[in-house]
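Letters A, B, ... mirror the listed sequences (proteins, then strands); counts begin at 1. In this text the structure is predicted, and so the values were computed from the model without any measurement.
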Protein chains: 2
Amino acid sequence: MDNTMKDGPDIARVANLVGDPARANMLTALMTGSALTASELAAEAGVSLPTASSHLAKLMDGGLLTVASEGRHRYYGLAGPQVAGMIEAIMGVAASLGPRRVRPGPHEKTMREARVCYDHLAGEHAVKMLDGFIAREFLVREGKELSLGKHGAAYFAAIGIDAHDTGKSRRPACRDCLDWSVRRSHLAGRLGAAILDKILAEKWARREKNSRVVTFSPKGKMEFEKTFLS
Amino acid sequence: MDNTMKDGPDIARVANLVGDPARANMLTALMTGSALTASELAAEAGVSLPTASSHLAKLMDGGLLTVASEGRHRYYGLAGPQVAGMIEAIMGVAASLGPRRVRPGPHEKTMREARVCYDHLAGEHAVKMLDGFIAREFLVREGKELSLGKHGAAYFAAIGIDAHDTGKSRRPACRDCLDWSVRRSHLAGRLGAAILDKILAEKWARREKNSRVVTFSPKGKMEFEKTFLS
DNA sequence: ACAATGCTTCGATGGAGATCGAATTATGGA
DNA sequence: TCCATAATTCGATCTCCATCGAAGCATTGT
């Protein structure tokens, strides 16, 4: 009755899962290796929570994701290295076909410099910032985790950020987040969010409407560098 | 205005191309490495010619295929090894998730034995047949091509198949076709088509309706073996 | 020149699924 | 116990696109 029977594994099924922009964004975000909650993935993908939940269910059903329930959070992660490898392969093809970007817009450049990644800052500025934090031992790497270094508490207190405000939440205080453009980590987690809050509150920069782009004012950029990079 | 901007290569675009069943079947068929015509791919995918043409245009536009116009045929092939690698990666994931087959139906087994591949026979029987032809020098391999061996003309004439009917057409007389299940070649091309015609005309086997499955009758199977394998 | 074959384009149709708001369930904290 | 937050389920809408028939173009062969 049903004609479309093919030999070979059901490649269309899995490719179709990756083929939706929202799901692709989620998977890309998970390529960092760390698991994310449904809310975070919804923000990453730029869709509402119900929509994200639906997509996550499909990805789970398709076997591309695993989930770990922890409290009232559900941490979704890639099902394994094989899945990650597949996504890298797809990325490779997409990149080599690459400059075929649909949006060659002005965003491309500005996004590289500074953009929002869920609730924290990403892009070149953010990468430099994290590098500086580690160089000055405000933060230290512990394997794939980040934690407060010996000079960290004093520093963050001095600039008005409570780095200890994090103990109760299950959300990690600091996470690193690898973005595709720079190939380097930047600071995520509660601390990263707090820093972005400060940047916006001080009006050193503003978010472009309906975009992830973060634009610094000339003066704001100086303040930012003085505060975080000097 | 448009919000869904993501960093990284446009993975969804290329995955979406592979995500359609018809296109996935085409790509799978092209994994043999040999280029196929639009008609052949339409048959492989189980769709009409216009539909196939539309898909091929999309795959071309997406950069996954190349095309070589040759006479009034257009031979479509994978754009390169990178694309093939990506498809293999997807196959790997799909297979490991594998026995999750949507159709666990009876087809699976019968398809392995004998099925139609465009216009010729595929499956275990077809593979054995080609093996026999080559062992008895009815056909010889020349690199990736097949051509008539020294005992071939007499043999095919004896069973009522004109193996020379092929000179004028540009379509290769014999091609080998690698199928996924058996991982071995079977006979395609004009000669392969003529043989399938004979099998059906003699009523040794019949095609299942709306399927690629070919079912041999008990007597027909004996005749088939006597004619082609003895 | 004319017919035949391979392929593409056009136009119309139908169905699948992505999306969101609202309601529901589950968990944690006061 | 009661509220707040995380996440899923439900229902409805709407857009996209796979599909095919018919017509159009291109190439080959007679």
Is there side-chain contact between A/L65 and A/L78, with heavy atoms separated by less than 4.5 Å?
->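 The answer is yes; the side chains approach within 4.5 Å.
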Note, A/L121 side chain near A/I195 side chain (heavy atom, < 4.5 Å) |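 SC-SC contact between A/L121 and A/I195 ruled out.
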Provide, to the nearest angstrom, the distance between the CG atom belonging to B/L36 and the P atom belonging to C/dC7.
->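 Atom-to-atom, B/L36 to C/dC7, this comes out as 11 Å.
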Roughly, in whole Å, what's the span from CG in B/L41 to P in D/dA18?
->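 Distance, rounded to whole Å: 16 Å.
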Going through the checks in order, is the side chain to side chain contact (heavy atoms under 4.5 Å, CB included) test met by A/M60 and A/Y76?
-> CA-CA 9 Å; A/M60 286 292 300; A/Y76 288 92; 4.0 Å; yes
Can you list the residues that meet the side chain to side chain donor-acceptor pair (under 3.5 Å) rule with A/H55, with sequence neighbours excluded?
->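 Scan of A/H55 (side chain to side chain donor-acceptor pair (under 3.5 Å), adjacent residues dropped) gives A/R23.
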With sugar-phosphate taken as primed atoms, P, OP1 and OP2 and all else as base, the protein-contact string of nucleotides 11-17 of chain C at under 4.0 Å (heavy atoms; B, S, -) is -------
Contact state string [nucleotides 4-10 of chain D, B base, S sugar-phosphate only, - no protein heavy atom under 4.0 Å] = BBSSBB-
Begin from the C-alpha positions of B/L41 and B/L30 and carry the test side chain to side chain contact (heavy atoms under 4.5 Å, CB included) through to its verdict.
-> CA-CA 9 Å; B/L41 289 168; B/L30 291 173; 4.1 Å; yes
Where do B/F156 and B/F133 land on the ring pair (Phe, Tyr, Trp, His ring centres under 6.0 Å) test, with the steps shown first?
-> CA-CA 10 Å; B/F156 288 115; B/F133 286 172; 5.4 Å; yes
May I ask you to check whether A/T215 and A/R206 show a side-chain donor-acceptor distance below 3.5 Å?
->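 No, A/R206 and A/T215 have no side-chain donor paired with an acceptor closer than 3.5 Å.
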Minimal non-hydrogen separation, A/V93 against B/L64, with atom names |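 It is CG1-CD2, 3.9 Å.
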